[in-house]
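Heads up: the structure comes next, in structure tokens.
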Protein chains: 2
Amino acid sequence: MSIFLKMGRDWPPLEALHLTSTSPDINGSAARKTSRRDPENSRRALIAATLDTIAEIGITDTTVSKIIERAELSRGMIHLHFGGKNQLLVAAAQSFGEEYFEELERGIQDAAGDPEAIIMAVIRADLGEALMNERSTRIWHAFRGAAHANDGIALYSSTRDKRLRDTIRSAFRDIARDYDEKDDPVLARDATFGLIVLLEGMWVDYLSNPHAFSREAAVSIIRRFISGLFPRHFR
Amino acid sequence: MSIFLKMGRDWPPLEALHLTSTSPDINGSAARKTSRRDPENSRRALIAATLDTIAEIGITDTTVSKIIERAELSRGMIHLHFGGKNQLLVAAAQSFGEEYFEELERGIQDAAGDPEAIIMAVIRADLGEALMNERSTRIWHAFRGAAHANDGIALYSSTRDKRLRDTIRSAFRDIARDYDEKDDPVLARDATFGLIVLLEGMWVDYLSNPHAFSREAAVSIIRRFISGLFPRHFR
DNA sequence: ATACTTAATGGACGATCGTCCATTAAGTAT
DNA sequence: ATACTTAATGGACGATCGTCCATTAAGTAT
């Protein structure tokens with residue numbers, strides 16, 4: 001075969017070649033663009049394959065071979081499009097964080113202006129199937145663990161946290177204004193801290209045993225905690 | 001050197017040999033036992049080196065070479081004493097879980113009989129420096145992530161969780177008896193769920209930013225949450 | 001002293017890792 | 001049609017991985 005390739009070769013039928021190289025190419029569905037050359041699509045496919053692989057077998061066993069096998073792309077693509085495995089991992093972490101926040105904002109957009117509704121929407125979104133599922137909790141956990149040894153992943157991991165925290169704190173500050181006590185800022189700070197800790201704990205709990213987890217019980221518990229801080233809200 | 005070792009060789013001075021093989025052996029302190037042959041000590045050293053390596057560079061980069069380098073033992077010891085790297089990881093997970101629970105029980109032994117004191121002792125112990133520190137939170141996080149792909153680690157990871165849960169639930173059931181409402185068991189169940197989630201969330205929070213974490217604020221937040229469920233306790 | 005058992009050593013081994021690049025294919029400009 | 005640019009391919013490469021075992025050292029029984 002290598003001898004064959006060494007020669008001039010414009011004469012073997014292109015159709016046949018195409019079918020052998022990407023043989024079971026029925027995966028087209030809606031993702032595939034018009035042609036076989038589509039660098040943007042290749043990048044997205046590599047990131048998706050990376051996230052899927054991490055979710056399925058863990059970041060420790062996520063190798064270049066496993067990723068390109070799942071993406072059905074060739075070995076050199078990672079180096080071509082990302083410069084190496086590490087940069088691909090960082091890009092995947094960034095993409096994952098952005099998707100989390102886009103979905104979160106989609107969940108709270110109807111609540112705009114009403115801080116209490118925003119908080120409840122954040123809770124429902126963060127604990128909902130779209131954001132909290134086996135795939136996402138495993139990926140989240142993997143990236144958080146890798147952050148200590150990988151500055152790039154750490155950056156996008158903390159960015160996600162910060163945006164969530166700011167959203168929550170802003171809403172709690174609005175609510176805390178209705179309680180004109182002397183410890184206004186303390187109240188908003190404690191509520192923000194407590195809610196984030198509860199949400200993080202819920203993700204850990206879900207990760208440990210997804211099938212035993214009750215989203216309704218989780219929302220109920222968190223609501224009860226917050227209403228303890230703001231007696232005239234969250235009833 | 002290999003030629004030298006091939007010969008009979010009982011004649012090179014033992015002292016000199018000892019000094020060259022384990023040259024900077026000032027680490028003796030109190031750990032080293034009487035002689036150089038001590039299988040039990042070797043096992044412990046390998047487990048300790050494994051946990052330290054995981055805490056320092058992450059479980060992904062924890063290789064056989066890194067472990068034996070840190071333990072200052074020879075390459076074959078892992079296979080000799082544990083049968084392979086995986087079994088060593090499982091043994092390390094078991095050891096870690098047992099040490100956690102031993103320390104926890106040490107923290108709650110003075111509170112025996114008083115369920116409210118037990119809960120507060122569990123909280124203080126779980127959030128205390130001895131149990132919650134950079135090393136332990138990183139190891140805890142790594143093992144929890146690895147549990148999905150490793151049944152052995154999963155076993156000892158869930159065992160630790162179960163023992164903590166039982167301790168907490170038992171105490172909350174005692175407390176709930178003082179509130180003779182119709183939803184006694186629900187109350188204890190919710191309190192157990194909420195406290196465990198809060199503690200897990202605190203560990204995640206600490207892991208993400210150890211230096212910004214306040215143990216006092218954490219205890220205060222959790223206490224406020226529980227007193228919301230049990231108004232006549234935790235004041 | 002000698003024979004025997006057990007602990008420890010450290011290198012050989014095949015497998016797999018991530019990177020890199022020469023080569024080919026596809027698409028565009030003229 | 002032809003020249004040129006860019007995307008994609010897939011194997012070669014050295015490095016490193018975990019396992020295994022022949023050999024040696026240490027300790028014990030007689």
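Residue numbers begin at 1 in each chain, while the letters A, B, ... track the order of the sequences.
Remark on DNA chain C: of its neighbouring residues A:Gly83 and B:Ser42, the 5'-side contact belongs to B:Ser42, judged by nearest-heavy-atom nucleotide. Residues A:Lys66 and B:Arg75 each lie close to DNA chain C; by heavy-atom proximity, the contact nearer the 5' end of the strand is made by B:Arg75.
For D:dT16, the OP1/OP2 oxygens have no side-chain nitrogen or oxygen of B:Ser65 closer than 4.0 Å.
The distance from atom CD of B:Glu69 to atom C1' of D:dC17 is 15 Å, rounded to the nearest whole Å. Taking atom CD1 on A:Ile78 and atom C1' on D:dA8, their separation rounds to 13 Å, with Å as the unit. Following rounding to the nearest Å, A:Ile59 (CD1) and C:dG18 (P) show an atom-to-atom distance of 12 Å. Regarding A:Met77, its CE atom lies at a distance of 17 Å from the P atom of C:dG18, rounded to whole Å. Note: CG (A:Leu88) to P (C:dT19) measures 10 Å, nearest angstrom. If you take CG of B:Asp61 and C1' of D:dA15, they are 15 Å apart, rounded to a whole angstrom. Rounded to whole Å, atom P of D:dC17 lies 10 Å from atom CD1 of B:Ile68. Atom NE2 of A:His79 is separated from atom P of C:dC20 by 4 Å (rounded to the nearest Å).
For B:Thr63, the side-chain atoms get nearest to D:dC17 when compared with the rest of D:dC17, C:dC17, D:dA8. With C:dC17, D:dA8, C:dT19 as the candidates, the nucleotide lying closest to the side chain of A:Pro39 is D:dA8. Taking every side-chain heavy atom of B:Leu73 into account, C:dT9 is the closest of D:dG18, C:dT19, C:dT9.
Under the 4.0 Å criterion applied to side-chain N and carboxylate O atoms, B:Arg106 and B:Glu103 are assigned as salt-bridge partners. Classification of A:Arg70 and A:Glu56 as a salt-bridged pair holds, one side-chain N sitting under 4.0 Å from a carboxylate O.
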Going through the checks in order, is the side-chain contact (heavy atoms from CB on, under 4.5 Å) test met by A:Tyr206 and A:Leu127?
CA-CA 9 Å; A:Tyr206 179 91; A:Leu127 300 179; over 6 Å; no
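Pairing of C:dA29, defined by two Watson-Crick or G-U wobble distances under 3.5 Å, is identified with D:dT2. Shown here, D:dA7 forms a base pair with C:dT24; the pair counts as Watson-Crick or G-U wobble because both key distances fall under 3.5 Å.
When heavy atoms are screened at a 4.0 angstrom cut-off, A:Leu80 is found touching base atoms of the nucleic acid. Using a 4.0 Å heavy-atom distance criterion, B:Gly76 is classed as a base contact.
B:Tyr100 and B:Asp126 are linked by a side-chain donor-acceptor pair at a separation below 3.5 angstrom, with hydrogens and angles left out of the test. Residues B:Ser208 and A:Arg144 bring a donor and an acceptor atom of their side chains to less than 3.5 Å of each other.
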